[in-house]
Amino acid sequence: MGMRWYVARRLMWTFVVTFIIISITWGLLAAAPDKDIIEAKQKAAQAGQSAEAAEERLNKLRGYDRPLWQRYTDYMVDTFTLNWGWSDSRGQPVTEAILTSLYYTAQYSIPWTILTMVIGASVGLYSAVNQYTKKDHVATFFAFFGMSIPNFWFGIMLLLVFAVQLGWVPVIYNSDVPVFSWANVKQLILPVFVLVTGSIGTYMRVTRNEAAEYLNTDFVKTARAKGADNTRILTRHILRPASVPMSTTFVGSMIALFIGSSYLVEVVFGIPGLGLLTIEAIRSQDTALVIGTSFIGIFASVIGNLLQDIVYTLLDPRIGYGDR
Amino acid sequence: MPSGNNGFDTTEQGSPGMNRRKWLQALGVAGVAGLAGCQGSDSPQDTTTGSTTTDDVGFGEETETEGTTTEAGELPEVGGTYTQAVSSSFDSLNFIYNTESTTNDMITLTLDSAYGFKPGQQMFPRWLELTTDDNRVYTAKLRENLQWSDPYGQLTAEDYVYLIKNVHQTEWAGSAARGDWYIDEEPIPVEKTGKYSFEIQLPEVDPAFPKRPAMWLMKTAPKELLKPYVDEQDAEGLEQDDELNSLSFTGNLGPYKLDSWKRQNKMVFTRNDEYYLREADDVKKAFSKAPYFETVETQIIKEESSRLSALKTGELDEAQIPPNKASNFKQQEDVYLNVTPQPYNVPLFYNQRANGWKPFRKQGVRQALGCAIDKKKFVKGVFRDYAEPEYTWQPKWSPWYDESKVVKYGTGDLYGPEATRSRMEKALSDTEYSYDGDTLVDGNDEQVELTLMYQSSQQTEVATAQFVKQEFAKNAGIKVKLNGVGATKFVRDYWQQQVPDNADSFEWSHGAYNAGPRDKATSKNGWDMARVYGLNTYPMTPTTNEVFFKKDGTYNPYGYYPSFDFASLFSQAKQETDPQKRKEILAEIFGKLSKDQPMGMLALNSDIYGYREGIEGPIEEFFSGWDFSTWHRNDE
């Protein structure tokens with residue numbers, strides 16, 4: 001069975017997974033109490049009017065008076081025909097809301113991802129060949145510090161020091177500055193730093209441990225016997241086999257961090273990105289937007305895992321698709 | 001622009017003003033935390049523009065705040081950017097559906113409303129003036145220089161009447177202001193009487209009408225813009241209309257024009273050179289050149305510490321400050337604090353329904369508990385003195401508050417273990433409850449334990465709950481069990497009653513918030529006390545408070561049966577057109593409420609704003625911001 005068939009099957013499976021996740025998300029939102037309706041009922045009662053009549057009016061306006069199956073069917077059809085509808089909480093189409101937010105998220109998540117991969121792998125490999133030295137201890141401390149310290153709190157502290165006390169960076173995120181400008185770099189330094197310290201630790205430790213496993217393998221010994229230095233051994237002989245498990249860690253941890261960490265960082269630094277969009281959509285029970293943003297998570301997970309599988313074979317040709 | 005100014009404020013409780021504010025224009029009267037006193041006193045005539053005038057007392061000093069000119073009488077220079085921060089995002093700028101106060105603030109920058117009120121409760125005409133001869137039929141007269149953006153031409157009475165009749169007074173549209181335009185489920189008749197005038201014919205006398213949000217805060221839109229949606233009864237289209245959402249139709253009707261809106265980040269407004277009030281000769285001179293900032297920027301900064309940091313670094317000109325951070329800014333040289341009193345209170349509700357503690361039904365018990373909490377200490381400890389003790393359902397600065405009639409439970413001789421226990425013992429003398437030493441015990445000799453539901457996500461709620469627990473233990477010998485809960489869960493499972501199938505057989509049944517007599521209708525789960533919601537005390541329309549104190553009203557989740565005939569007193573006050581007589585009736589009501597203690601009345605909030613030094617305009621009054629378009633920066 002070839003790679004093409006495997007990818008085609010995985011893509012088909014993606015549809016099934018997406019269908020299930022979207023259905024569950026929709027069901028949870030439909031079952032959740034609508035805060036606006038609760039509030040409208042209270043207000044009506046306090047105004048001497050009928051709370052039930054107010055509820056009925058709002059239900060009708062929002063289409064909640066239709067049978068559940070009809071609401072579900074309509075929604076699924078709209079979703080899969082890419083008619084994602086209108087975001088009530090933002091007063092704009094869902095697609096526009098997502099694209100706008102992605103634009104800001106990308107500005108810090110791309111450097112964050114690149115720096116995590118490069119620094120994490122480099123320091124991890126270095127630690128592997130310099131195990132239990134002072135530098136390894138420093139790197140280990142840095143890894144655990146980043147993993148342990150809450151991003152939210154760390155961000156606030158950095159702002160207080162570098163923005164309020166030293167005045168080196170602005171407190172307020174300015175969405176008007178050009179993407180490639182010094183002003184943008186200045187305002188993104190702290191969020192990227194916070195995110196890199198939060199994510200680099202896991203990657204660094206996995207790299208270190210995986211690389212350490214290969215240090216005493218026959219092919220490394222052979223390379224060393226042939227006169228290869230540490231750098232060559234690490235980059236040419238160890239990095240490639242170690243990358244297979246590393247890539248698993250990377251995809252998993254990055255997806256987990258993507259929504260959770262980016263939300264907290266976006267709140268602290270006022271970045272109008274995808275994390276903020278997703279959480280605010282859930283908070284305001286903006287069903288259309290919640291489903292729309294769910295697609296981003298689903299896409300990142302499913303496609304990310306698919307890419308990871310494909311990368312496996314590129315990194316290790318012994319892995320095939322026959323049994324999958 | 002402080003959002004306390006025009007009144008549409010609320011708290012779902014917590015640190016005052018730091019919670020999400022709900023603007024309830026649409027929903028008329030209250031709200032869980034209703035309008036911040038933006039519904040006026042019961043006098044229609046206390047206006048400077050009405051056909052009748054009155055000496056009705058407003059809250060705040062009756063002072064003219066005309067001092068926006070410089071000492072030499074010159075008007076300030078126009079220029080610069082005013083940057084403010086808010087904590088919440090904006091849902092939509094479509095005023096027909098908006099219920100959020102912060103969003104309304106943004107809309108108001110581009111679109112004034114019918115009229116406003118300034119200190120002393122004096123009506124300040126904006127688009128129109130409202131007059132009446134009989135307190136029943138009100139005549140609105142529009143200015144003649146009001147222009148929509150192209151191609152909609154002039155704002156006329158037709159636009160107003162069309163919106164009211166074809167949008168607000170319909171079922172299909174579901175507009176936010178619908179409730180304002182009905183009385184007893186009947187639409188209020190509104191008729192155009194000329195190109196620039198229309199009449200509102202109330203079914204009965206209502207001296208308070210001008211101070212209700214129906215007209216005061218009412219905005220409108222061009223008839224031609226609305227018509228396609230009205231013809232098709234297309235509510236979704238109306239809600240999503242691009243012009244309504246981008247405020248591109250606002251012409252010369254507000255001091256600023258919306259330049260850009262980056263969701264969850266900021267809004268930028270630019271100066272409107274054609275602002276209609278510049279031509280008006282019935283307003284203070286400062287308006288002739290208004291507004292004074294070239295740009296107004298509203299930054300959305302959700303995280304409180306980031307907002308406060310930005311105020312410190314000079315990136316903001318205005319930010320709201322929680323009480324526990326206010327002292328930090330007192331020492332900051334380039335920021336000054338402005339404290340504005342608010343009419344939202346901090347009540348401790350007693351569940352007097354069958355699934356609460358039955359002794360709450362006794363006036364004597366409630367009075368005893370009123371003596372158990374040191375209100376001055378409470379205000380100082382929890383609100384850092386940025387609040388006022390509450391003794392009745394009006395703030396002290398309200399014209400309806402009469403010191404001689406109010407009983408101040410929780411202060412002086414009416415505070416402490418002796419004051420509490422003596423009253424409690426007397427009130428419970430015919431029951432199984434008694435004191436065993438310092439402890440209140442039940443018939444099984446076990447200490448009375450009451451549950452207190454509080455909103456666990458709010459810092460001030462947690463502090464309040466702890467304070468009540470300590471004070472009840474110390475002074476009343478009652479053990480309080482704290483039970484943290486979310487606001488939505490509280491409403492659904494504890495506050496709303498379950499409407500029984502046989503509700504028709506009850507003496508009354510008004511739905512979830514008063515499903516029937518307290519022995520027959522209860523919530524899903526039992527509770528004793530609650531500190532989750534705050535309510536508005538309505539110093540401008542005090543008779544609105546009636547709803548909280550009627551046993552068979554639409555809003556009585558706590559099952560309170562008044563010891564006095566409040567319904568009749570409120571009815572008298574509503575109909576009374578003589579200001580002095582109405583004042584006496586209202587003073588009697590609020591005096592009796594302080595005596596009856598329907599719930600624990602703990603404190604009344606204040607809003608604290610920090611402004612950059614040099615910003616001129618804010619005043620320490622509830623109406624601060626009424627003249628925001630004349631605010632300016634003085635760099636000298």
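Throughout, protein chains are lettered first and strands after them, A, B, ... in sequence-line order, and every chain is numbered starting at 1.
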Which bit of [X] comes within less than 4.5 Å of chain B, counting heavy atoms only: side chain, backbone, both or neither?
X	result
A:Arg57	side chain
A:Leu160	side chain
A:Thr100	neither
A:Leu277	both
A:Glu55	neither
A:Asp176	both

Trace of the side-chain contact (heavy atoms from CB on, under 4.5 Å) decision for A:Gln49 with B:Thr554
CA-CA 7 Å; A:Gln49 297 163 2; B:Thr554 52; over 6 Å; no
If you count heavy-atom pairs within less than 4.5 Å of chain A, which of [options] leads?
options	value
B:Glu185, B:Gln299, B:Lys312, B:His510	B:Gln299
B:Gln264, B:Glu546, B:Glu303	B:Gln264
B:Ile301, B:Thr488, B:Asn245	B:Thr488

Should we count CD of B:Glu243 as having more than 12 external heavy atoms under 6.0 Å?
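Correct, the count exceeds 12.
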Counting only heavy atoms not in A:Glu96, do more than 12 fall under 6.0 Å of its CD?
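Check passes, neighbour count above 12.
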Counting only heavy atoms closer than 4.5 Å, note whether [X] contacts chain A via side chain, backbone, both or neither.
X	answer
B:Ala85	neither
B:Arg492	side chain
B:Asn265	both
B:Ser305	side chain
B:Lys266	side chain
B:Gln240	both
B:Gln496	side chain
B:Trp172	backbone
B:Ser306	both

Side chains of A:Gln42 and B:Tyr555: do they bring a donor and an acceptor to under 3.5 Å?
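Indeed, the side chains of A:Gln42 and B:Tyr555 share at least one donor-acceptor pair under 3.5 Å.
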Rounded to the nearest 0.5 Å, how far does [atom2] of [Y] lie from [atom1] of [X]?
X	Y	atom1	atom2	result
B:Thr313	A:Gln165	OG1	CD	11.0 Å
A:Gln92	B:Ser92	CD	OG	11.0 Å
B:Ile300	A:Tyr173	CD1	OH	13.5 Å
B:Thr99	A:Glu39	OG1	CD	6.5 Å

Does any N or O in the side chain of B:Lys262 come within less than 3.5 Å of the main-chain N or O of A:Ser175, such that one atom is a donor and the other an acceptor?
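Side chain of B:Lys262 to backbone of A:Ser175: a pair is present.
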Which heavy atom of B:Ala512 sits nearest a heavy atom of A:Glu52, and at what distance?
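Smallest heavy-atom distance, with atoms named: N-OE2, 3.4 Å.
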Which heavy atom in A:Val164 sits nearest to a heavy atom in B:Ser309, and how many Å separate them?
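Heavy atoms of A:Val164 and B:Ser309 come nearest at CG2-CB, 3.4 Å.
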Does A:Glu280 come within less than 4.0 Å of B:Lys302, counting only side-chain N to carboxylate O?
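Answer for the salt bridge query: yes.
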Just give me the residue among A:Ile172, A:Asp286, A:Val268 that pairs up with chain B most often, heavy atom to heavy atom, under 4.5 Å.
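Max contact count across the listed options: A:Ile172.
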Between A:Ser50, A:Pro170, A:Ala163, which residue shows the highest count of heavy-atom pairs closer than 4.5 Å to chain B?
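Greatest number of close heavy-atom pairs with chain B: A:Pro170.
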I would like to know whether B:Phe548 and A:Gln46 meet side-chain contact (heavy atoms from CB on, under 4.5 Å); could you show each step before the answer?
CA-CA 8 Å; B:Phe548 301 131; A:Gln46 291 183 0; 4.1 Å; yes
